[in-house]
2 protein chains.
Amino acid sequence: MTDVKTGPNPLFLRDEELVQGIELLFYAYRDFTEDPDAVLEEYGFGRAHHRVVHFVARNPGMSVAELLEILRITKQSLSRVLGQLVERGFVVQRKGTRDRRQRLLYLTETGRDLAERLTEPQKRRVARAYRGAGADAVEGYRKVLTGLIDDGRHETASGPVRRR
Amino acid sequence: MTDVKTGPNPLFLRDEELVQGIELLFYAYRDFTEDPDAVLEEYGFGRAHHRVVHFVARNPGMSVAELLEILRITKQSLSRVLGQLVERGFVVQRKGTRDRRQRLLYLTETGRDLAERLTEPQKRRVARAYRGAGADAVEGYRKVLTGLIDDGRHETASGPVRRR
DNA sequence: CAATATATGTCAACGTGACTGACGTAAAGA
DNA sequence: TCTTTACGTCAGTCACGTTGACATATATTG
């Protein structure tokens with residue numbers, strides 16, 4: 001399918017532009033995970049641990065179900081990683097008071113340190129890109145990424161996970 | 001580390017904004033891979049196959065080394081996936097004429113069909129996001145993502161892989 | 001030409017992080 | 001009381017990455 005028959009599209013909707021948009025996301029994500037990977041290796045952890053630590057840091061007291069919903073993985077898959085984080089003292093689980101079936105998730109002091117070590121290089125990378133691109137570009141970056149997400153107005157576009 | 005002591009930063013460099021930038025990338029990438037995954041399943045392929053097919057489609061005649069450089073994986077890792085694609089008739093390898101040690105990569109007709117089926121939903125998703133965000137936002141999206149990549153002026157920001 | 005370097009492939013072993021399916025328990029809710 | 005929900009666990013499987021060692025053909029260089 002070429003552009004020829006697509007009629008009067010704005011330039012930024014040409015096929016080539018779209019494929020560039022796809023590849024940019026691939027490259028950015030590829031390089032984005034580099035920095036924390038080095039830190040994780042020190043601990044013998046992987047990216048899965050990173051994700052858990054990150055989202056628990058952002059949403060202290062979140063339930064297991066909420067975490068699963070964000071990560072879009074199965075509980076069996078989460079259990080190994082979460083179990084290790086608990087066992088090694090990075091995460092604690094406390095029974096919910098409102099609903100005592102829930103095991104609400106919190107980082108320990110150590111966990112918060114790890115979270116900071118993981119986030120810091122990523123924040124630096126984003127800050128560098130933001131600075132280089134300017135405020136308007138940042139606004140566009142956010143708009144487009146938000147539009148790429150399944151629910152265009154995903155919670156995270158405007159803050160941490162919404163609680164029920 | 002709070003913002004308090006960071007002095008006169010533009011608003012878009014506040015800690016909270018940076019973390020949002022990080023998470024947006026996570027969510028977008030997560031949802032971005034959904035669409036092609038369904039197609040891949042029909043063929044019994046995985047994301048690794050997708051990546052190979054995509055980049056060979058974009059760069060017909062690229063060398064194995066070039067592909068490895070883009071994917072940032074080992075040749076042993078590539079070999080399984082590439083072998084399957086060749087065996088099942090999606091990719092062909094031809095000896096380079098300039099350097100006969102090289103096995104240059106091309107898609108077959110079937111391979112191009114698969115590539116199109118995989119790319120199409122992603123292009124639609126990007127087009128939707130672009131349309132919703134507007135031309136200026138697209139410009140910003142590109143600027144920021146390019147800045148996130150290790151080499152800020154990565155080849156793909158302005159076209160296919162550069163050949164030697 | 002001989003020696004070395006490069007491009008690619010292959011065998012083998014291993015680790016992480018996903019998956020499905022089945023089953024168990026405690027607590028909430030109808 | 002009965003059913004549903006939140007969570008955990010056991011077991012098996014698969015995709016896809018890794019390291020390390022070695023093989024082959026071709027290119028390049030002294």
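Just so you know, these numbers come straight off a predicted model, no measurement behind them. Each chain gets a letter, A, B and so on, in the order its sequence line appears, and its residues count up from 1.
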OP1 or OP2 of [N] versus the side-chain N and O atoms of [X]: is any pair under 4.0 Å?
X       : N      : value
B:Lys95 : D:dT26 : yes
A:Arg94 : D:dC7  : no
B:His49 : D:dC16 : yes
A:Ser77 : C:dG17 : no
A:Ser79 : D:dG8  : no

- Query: Using rotation axes that map the C1' atoms of four end pairs onto the next four (five pairs an end), what angle separates the end axes of the helix from C:dC1-D:dG30 to C:dA30-D:dT1, to 10°?
  - Reply: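 Both end axes considered, the difference amounts to 30°.
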- Query: So, do A:Tyr106 and A:Phe90 have ring centers that fall under 6.0 Å from each other?
  - Reply: no
Tell whether [X] reaches the base of [N] with its side chain through a donor-acceptor pair below 3.5 angstrom.
X        : N      : answer
A:Arg80  : C:dG17 : yes
B:Gln76  : D:dG20 : yes
A:Arg47  : D:dG17 : no
B:Arg100 : D:dT26 : no

- Task: Name the nucleic acid region contacted by A:Gln93, choosing base, sugar-phosphate or nothing; use a 4.0 angstrom heavy-atom cut-off, strictly under.
- Result: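 Answer is sugar-phosphate: A:Gln93 comes under 4.0 Å of backbone atoms only.
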Take the protein atom [atom1] of [X] and the nucleotide atom [atom2] of [N], then report the distance between them rounded to whole Å.
X        : N      : atom1 : atom2 : answer
A:Arg98  : C:dA26 : CZ    : P     : 22 Å
A:Leu104 : C:dA27 : CG    : C1'   : 14 Å
B:Leu67  : D:dG17 : CG    : P     : 11 Å
B:Leu85  : D:dA15 : CG    : P     : 13 Å
B:Asp37  : C:dG17 : CG    : P     : 18 Å
A:Leu105 : D:dC7  : CG    : P     : 8 Å
B:Leu71  : D:dA15 : CG    : P     : 18 Å
A:Tyr43  : C:dT16 : OH    : P     : 17 Å

- Query: Quick one: which of D:dT18, D:dC7, C:dG9 gets closest to the side chain of B:Thr74?
  - Reply: D:dT18
- Only one of A:Gln84, A:Arg88, A:Arg117 forms a side chain to side chain donor-acceptor pair (under 3.5 Å) with A:Tyr43, so which one is it?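 In the set A:Gln84, A:Arg88, A:Arg117, the residue that makes a side chain to side chain donor-acceptor pair (under 3.5 Å) with A:Tyr43 is A:Arg117.
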- Would you mind telling me which residue lines up with the more 5' stretch of DNA chain D, B:Asp99 or B:Ala48, judged by nearest nucleotide?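 Of the two residues, B:Ala48 wins.
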- Query: Does B:Lys75 or B:Arg101 map to a spot on DNA chain C nearer the 5' end, using the closest nucleotide for each?
  - Reply: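 With B:Lys75 and B:Arg101 compared, the 5'-side residue is B:Arg101.
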- Message: Which is more 5' along DNA chain C, the nucleotide nearest A:Thr97 or the one nearest A:Gln84? Just name the residue.
- Response: A:Gln84
- For the atom pair CZ (B:Arg142) and CG (A:Leu24), what is the distance rounded to the nearest 0.5 Å?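 Reported value, rounded in 0.5 Å steps: 7.5 Å.
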- Would you please say whether a donor-acceptor pair under 3.5 Å links the side chains of B:Arg30 and A:Tyr29? no
- Message: Looking only at side-chain N and O atoms, does B:Ser63 offer a donor or acceptor that is under 3.5 Å from a partner on B:Arg103?
- Response: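 Their side chains do not contain a donor-acceptor pair, so the 3.5 Å distance test is not met.
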- Query: In terms of side-chain geometry, is the basic nitrogen of A:Arg58 or B:Glu16 positioned less than 4.0 Å from the acidic oxygen of its partner?
  - Reply: yes
- Task: Can you label the angle between the A:Phe12 ring and the B:Tyr130 ring as parallel, tilted or perpendicular, going by 30° and 60°?
- Result: tilted
- Please work out which of the three classes, parallel, tilted or perpendicular, describes the rings of B:His54 and B:His50, given edges at 30° and 60°.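 Rings of B:His50 and B:His54: perpendicular, as their planes differ by over 60°.
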